[in-house]
Amino acid sequence: MLSISIGPLSLPLAPLLLLLALWAASLLASRIARRAMAGDATDEAARARAAAAGNAMFHAALFGLLAARLAFVARHAGAYLGAPGSMLDVRDGGWDAPVGFAAAAAWLAWRAARLPALRRALVGGALAGAALWLAASTATGRFDTHALPALAVTEFDGGARVTLAQAARGRPLVVNLWASWCGPCRQEMPLLAAAQQREAAVGFLFVNQGESHGAVQAYLTDQGLPLREVLLDPTSALMHAVGSRGMPTTVFYDAQGRQLDAHVGVLNAAALEGRLRTLRGAP
C-alpha cells in the first residue's frame, strides 16, 4: 500500500507510519522514565524526567531525518545542484533511510551515555517505536517484493488491449498514474514528458485513470504535450493494483518488472533524476 484516504485527502503511507511509531516511542519512553522515579522524587521532577525522555525521541527523529535527507541530496548532488531550492522540497520522497536510522540510533546512544538515568527509557522507547514501525510496514506490504501488475490497459493510439508487460518491452520502466483533472498531475507532466524525450533506455508509460479517450485527447492537445505511450485504464484498476489511493502516483520498475521505488505526489526534477539513475544502474 502506497497511500491511504482520509476523507477527500490522499496521504502517502510512509510518513504516517513514521509519525505513528515516533508517537509510540515518545509515549513509552516518557512512561518508563516517570515510573522509574515513582516514590523517589516529586511529581514535578518526575514530569520533567518524563518530558526529557519523550523529547529525546523527537530529537532523535529530527536528527535522523536531517541526516537521511542530507545523505540523499549528497548522493544525487548533480541533480539537485541544477535546482538548489529543490533540496528543501522534502515532498519528493528523497531520503536515505539506512543513514537516517543509524544517525537517530547514534544520537540516542549519545544521550543515554550522557544521562544514565534515562537509559532504560530511551532504549525501551526506541525498541518499541522500531517494532511498531516494522510491524505496521509489514502489515501494509511495504516490504513485499512487487512485480509489474498483470493487467491489461488500452493503447491511446489504436485502441488495442495490451498488458503492462507487453508495453514495457523488457525496458526499465516509469509508470505514471494520472488524470487531466488532477492539478498535481498537470504540474509534473511537462517534467515527465521532457524526461521521456531524452531517455532512450527507459520506458515511460502514462496510464490515465478513469477518463475517456476524448477527455485525454482534449488535454494533450490543449497542453501541447508530445507524450508517447499513453495508455487508458477506464476502471482505474492499476491504482488498486499498486496500492495507491491518490494521484499522481509514479512507480519505477527494473527491466525484469520488479518494483524498485514508488512515489505519491508531485516529483521534482532532482527526485526524478535520482530515481532514473537507480533505474539505469539496475541489473
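Heavy atoms only: backbone and side chains are in, while hydrogens, waters and symmetry mates are out.
- Considering only heavy atoms from C-beta on, R161 stays 4.5 Å or farther from Q166 through its side chain.
- Note that the CG atom of L191 and the CD atom of E273 stand 10.0 Å from one another [nearest 0.5 Å].
- Crowding of W23 atom CH2: a count of heavy atoms from other residues, nucleotides or ligands under 6.0 Å not exceeding 12.
- Within the 4.5 Å cutoff, the side chain of R75 has heavy atoms near those of the D96 side chain.
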Problem set entry | Audit row: R111, L118, side-chain contact (heavy atoms from CB on, under 4.5 Å) steps and yes/no | CA-CA 8 Å; R111 291 297 292 165; L118 292 181; 5.7 Å; no

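- Closest non-hydrogen pair, T249 versus S244, comes out as OG1-OG, 2.7 Å.
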For this session: Test T235 against Q209 for side-chain contact (heavy atoms from CB on, under 4.5 Å), laying out the working first.
Result: CA-CA 7 Å; T235 62; Q209 299 296 289; over 6 Å; no

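- In terms of heavy-atom proximity, A167 sits nearest to L205 at CB-CD1, 3.9 Å.
- Using a 4.0 Å cut-off between charged nitrogen and carboxylate oxygen, D92 and R275 do not count as a salt-bridge pair.
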Problem set entry | Full working for side-chain contact (heavy atoms from CB on, under 4.5 Å) between F252 and T278 | CA-CA 9 Å; F252 301 83; T278 300; over 6 Å; no

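- Taking the six-membered ring where the residue is Trp, the centroids of Y80 and H76 are separated by 6.0 Å or more.
- Minimum interatomic distance between A67 and V99 (heavy atoms only, all atoms of both residues): O-CG1, 3.8 Å.
- Contact of the I32 side chain with the S30 side chain is not registered, since no non-hydrogen atoms from C-beta on lie closer than 4.5 Å.
- Between the H213 side chain and the F156 main chain, a donor and an acceptor come within less than 3.5 Å of each other.
- Under the 3.5 Å distance criterion, the side-chain polar atoms of S86 are left unmatched by any main-chain donor or acceptor of D89.
- For CZ of R31, the number of neighbouring non-hydrogen atoms (other residues, nucleotides, ligands) closer than 6.0 Å is 12 at most.
- L70 and L62 fall into different hydrophobic clusters, where Ile, Leu, Val, Met, Phe, Trp and Tyr residues are linked whenever their side-chain heavy atoms come under 4.5 Å apart, directly or through other members.
- Using modelled atom types, one side-chain atom of R228 and one backbone atom of Q196 make a donor-acceptor pair closer than 3.5 Å.
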For this session: In sequence, state the C-alpha distance, the side-chain angles, and the governing distance for L173 and V202, and then conclude on side-chain contact (heavy atoms from CB on, under 4.5 Å).
Result: CA-CA 6 Å; L173 202 62; V202 177; over 6 Å; no

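- Atom-to-atom distance recorded for L279:CG and D261:CG is 8.5 Å, nearest 0.5 angstrom.
- Using a 4.5 Å cut-off on side-chain heavy atoms (C-beta onward), L227 and M189 make contact.
- For the atom pair CG (L164) and CG (L148), the distance works out to 5.0 Å, reported to the nearest 0.5 Å.
- The line from CG of L122 to CE of M57 is 4.5 Å long, rounded to the nearest 0.5 Å.
- Heavy atoms from other residues, nucleotides or ligands lying under 6.0 Å from CZ of R120 number 12 at most.
- Here E199 pairs with R280 in a salt bridge; the nearest charged N to carboxylate O distance falls below 4.0 Å.
- In this structure a side-chain-to-backbone donor-acceptor pair under 3.5 Å is present from S212 to A215.
- Proximity of a side-chain donor or acceptor of D233 to a complementary backbone N or O of L238 within less than 3.5 Å is detected.
- Looking only at distances, a side-chain donor or acceptor of N55 sits under 3.5 Å from a matching main-chain atom of A51.
- Residues M247 and A179 come closest through the heavy atom pair CE-CB, 3.7 Å.
- Hydrophobic cluster membership differs between V266 and V251, with clusters built from Ile, Leu, Val, Met, Phe, Trp and Tyr side chains linked at under 4.5 angstrom.
- Taking the side chain as every heavy atom from C-beta outward, W107 and F63 approach each other to under 4.5 Å.
- A donor-acceptor pair under 3.5 Å is formed between the side chain of R69 and the backbone N or O of M87.
- Counting only N and O atoms by type, the side chains of T250 and N176 include a donor and acceptor under 3.5 Å apart.
- Surrounding CZ of R114 are at most 12 heavy atoms belonging to other residues, nucleotides or ligands under 6.0 Å away.
- Tracing side-chain contacts under 4.5 Å through hydrophobic residues (I, L, V, M, F, W, Y), one reaches W110 starting from L115; they form part of the same cluster.
- A donor-acceptor pair is defined here as one N or O able to donate and one able to accept, closer than 3.5 Å; such a pair exists between the side chain of R186 and the backbone of S180.
- Counting only heavy atoms from C-beta outward, the side chains of L17 and S137 approach each other to under 4.5 Å.
- Side-chain contact between C185 and F206 is absent, with no heavy-atom pair separated by less than 4.5 Å.
- In this structure a side-chain-to-backbone donor-acceptor pair under 3.5 Å is missing from S26 to L22.
- Grouping the Ile, Leu, Val, Met, Phe, Trp and Tyr side chains by contacts below 4.5 angstrom, directly or via other members, places L134 apart from L20.
- Remark: L28 CG to L127 CG distance equals 9.5 Å, nearest 0.5 Å.
- Note: F101 and W133 meet the aromatic proximity criterion, with ring centroids under 6.0 Å apart.
- Between W178 and Y219, a ring centre-to-centre spacing shorter than 6.0 Å is recorded.
- Distance check, rounded to the nearest 0.5 Å: CG of L220 to CG of L225 gives 6.5 Å.
- Smallest separation of non-hydrogen atoms from A195 and L272: CB-CD2, 3.9 Å.
- Cluster annotation: L27 is not connected to L16 through the hydrophobic network of ILVMFWY side chains, with a link wherever side-chain heavy atoms come within less than 4.5 Å.
- Without hydrogens or angle criteria, E188 side chain to L267 main chain gives a donor-acceptor distance under 3.5 Å.
- What you find for A50 and A33 is that their closest heavy atoms are CA-CB, 4.0 Å.
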